[in-house]
Amino acid sequence: MKKVVLAYSGGLDTACCVKWLSERGFEVVCFMADLGQPHNFSPAKKRAKIAGASRIYIRDLKQEFIRYFILPSLKANAIYEDKYTLATALGRPLIAKYLVDLAHKEKAQYIAHGCTGKGNDQVRIEVSSMILDPKLKIIAPLRIWEFKTREEEIKYLAKHKITIDVTKKKLYSIDENIWGVSIECGVLEDPWIESPDDAYRFTASLVGAKSKPIYLTIGFKAGIPVEINGKAYCAMDLIKKLNVIGGAFGIGRTDLVENRLIGIKSREIYEAPAAHLLIAAHKEIESLVLDRNTAHKKQKAALDYADIVYYGLWYTPQKNKLDNFINATQKKITGIVRLKLFKGGFACVGRKSPYSLYKKELATYGKGDKFDHSKAESFIKNWAKPYLK
Ligand code: ARG
C-alpha cells in the first residue's frame with residue numbers, strides 16, 4: 001500500500017488532507033510538531049483518526065528548534081526585509097527533517113503538507129525534504145484538489161462526519177511558534193488598511209501597553225542569551241519571559257509588505273517581542289567586541305542569512321559556510337546589555353563586556369585623553385592618497 005507522512009496541524013486544511021489522501025488509497029501517517037504554538041493536541045488527534053489516519057506522531061521539538069534554528073539565527077541577527085524575524089521560516093526545515101525521518105521509520109514513499117501553491121512554506125518544506133532525501137515523493141493536496149473555498153472543505157468534512165470547530169469566522173491565517181507569530185489574510189490584504197487590534201495574538205496595542213518605563217538587563221555568553229536581570233535562564237524560559245515582558249509593552253509588532261520567494265508581494269504582520277529585544281541586545285555586545293571589518297562583514301552576513309532562511313535554503317553549503325563565519329565571530333560576544341522598555345518600544349541604553357574593544361582613554365574628549373592627535377594628519381593624507389590626482 002502507498003504510505004504517506006503528512007505534516008498535520010489539526011486545522012481545516014490538513015484535516016481535509018487526511019481524508020482526501022486516504023480516499024486516494026494512501027495509508028496516512030500524521031506528524032504534529034510542537035514548536036511552542038498554543039495547542040490542544042487531543043481534538044486534532046481524534047479528528048485525524050476519524051479522517052482515517054493510521055498513526056499520529058506528536059513531537060515536542062521546542063528544544064531542538066531553539067538550539068539549532070533560533071539561536072543560530074539570533075547569532076546572525078537575521079531579519080528579513082528589516083522587519084521579519086523569521087519565526088515561521090525557521091520552523092519549516094525542522095518540520096521537513098522530521099517528515100523525512102518519519103518516512104524512513106514508517107517505510108513511507110511519500111510525504112505531504114498542507115501548504116498552498118503561492119506561499120513560501122511549500123518551497124521550504126519541499127526543498128529541505130528533497131535535499132535530505134531526493135527519493136521521497138511529495139504531495140501537496142492543496143495545489144491539486146477540487147476544493148476552491150473553505151466552505152467546500154467544511155462541507156467535505158461534514159459529509160464524512162469529521163467535526164471541526166469552524167463556527168468562529170476565520171478572519172486571519174496565523175502561524176505561531178515560540179519565536180513569533182505571523183498573521184495574514186482578511187483585511188490585512190489591503191496594505192493601506194491599518195492592522196486591527198483583533199489581528200494580534202498576544203502583544204499589547206499602543207493604547208493598552210504599559211506606560212511606565214522599566215529597565216531590563218540581558219546577559220550573553222558567547223553569543224547566546226543566558227540571563228535576565230542577573231538571573232540565569234535556559235534559552236526557552238528566557239525567550240518565553242521576554243515575550244511576556246516585551247509583549248506587555250507592545251514591543252515587537254511589525255507590519256511588512258514582503259517579497260515572497262515565488263515572486264509576489266504580500267502583506268503580513270508579525271509579533272515577536274523576544275526576537276526583537278534579543279537581536280537588538282545581541283548587536284549591542286557585538287558593537288563593543290567586534291573589530292570594524294568583522295562587524296561590517298557580519299552586517300552583510302545578516303542579510304544573506306535572512307535570505308537563506310526565507311528562501312528555504314537551510315540545508316545548503318552556503319548556509320553552513322555562513323554559520324562557520326558567524327560562529328567564529330561569537331566566541332567573545334559575552335556581556336550585559338541594559339534596555340529601557342517603554343510604551344510601544346525600547347532602546348538600548350547601556351552595554352558592557354569583558355572583551356570590549358572600547359577604550360575610554362582613546363575616545364574621551366575630557367581629561368585623560370591618550371589619543372595621539374599629531375598622528376591624524378599623516379593618517380588622513382595616506383587615506384586620501386588613492387583618490388588624489
Ligand atoms: N510570510 C511569512 C513567511 O513566509 C509567514 C508565512 C505563514 N503565515 C501565515 N500567516 N500562515 O515566512
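Numbering of ligands and ligand atoms starts at 1, following listing order. Keep in mind that what you see is a predicted model, and the values were worked out from it rather than measured.
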Assess, by modelled atom type and distance only, whether the side chains of [X] and [Y] contain a donor and an acceptor separated by less than 3.5 Å.
X	Y	value
D323	Y305	yes
T294	T329	no
E106	Y57	yes

Could you identify the single nearest non-hydrogen protein atom to [atom] and state the distance to 0.1 Å?
atom	value
atom 4 (O) of ligand 1	N120 ND2, 2.7 Å
atom 12 (O) of ligand 1	Y84 OH, 2.6 Å
atom 1 (N) of ligand 1	E258 OE2, 2.6 Å
atom 9 (C) of ligand 1	E268 OE2, 3.4 Å

Candidate pair W314 and F69, rule ring-ring contact (aromatic ring centres under 6.0 Å, His included), full reasoning:
CA-CA 9 Å; W314 186 263; F69 295 81; 4.8 Å; yes

What atoms in ligand 1 come closer than 4.0 Å to a heavy atom of S173?
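Result: 9 (C), 10 (N), 11 (N).
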
Which ligand 1 atoms does Y270 reach within 4.0 Å, using its non-hydrogen atoms?
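The atoms of ligand 1 under 4.0 Å from a heavy atom of Y270 are 1 (N), 2 (C).
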
For the side chain of S378 and the backbone of K375, is there at least one donor-acceptor N/O pair under 3.5 Å apart?
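It does hold such a pair.
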
Contact check, D121 vs ligand 1, heavy-atom distance below 4.0 Å
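Yes, D121 has heavy atoms under 4.0 Å from ligand 1.
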
Return yes when Y311 approaches ligand 1 closer than 4.0 angstrom through a heavy atom, no otherwise.
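No; Y311 lies far enough from ligand 1 that no heavy-atom distance drops under 4.0 Å.
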
Can you check side chain to side chain donor-acceptor pair (under 3.5 Å) on Y310 and E258, steps first, answer last?
CA-CA 11 Å; Y310 192 88; E258 70 197 51; 2.6 Å; yes

Do T254 and H276 have side-chain heavy atoms sitting under 4.5 Å apart?
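A side-chain contact under 4.5 Å exists here.
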
For atom 3 (C) of ligand 1, which of R260, R124, E184, R92 has the closest heavy atom?
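It is R124 whose heavy atom sits nearest to atom 3 (C) of ligand 1.
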
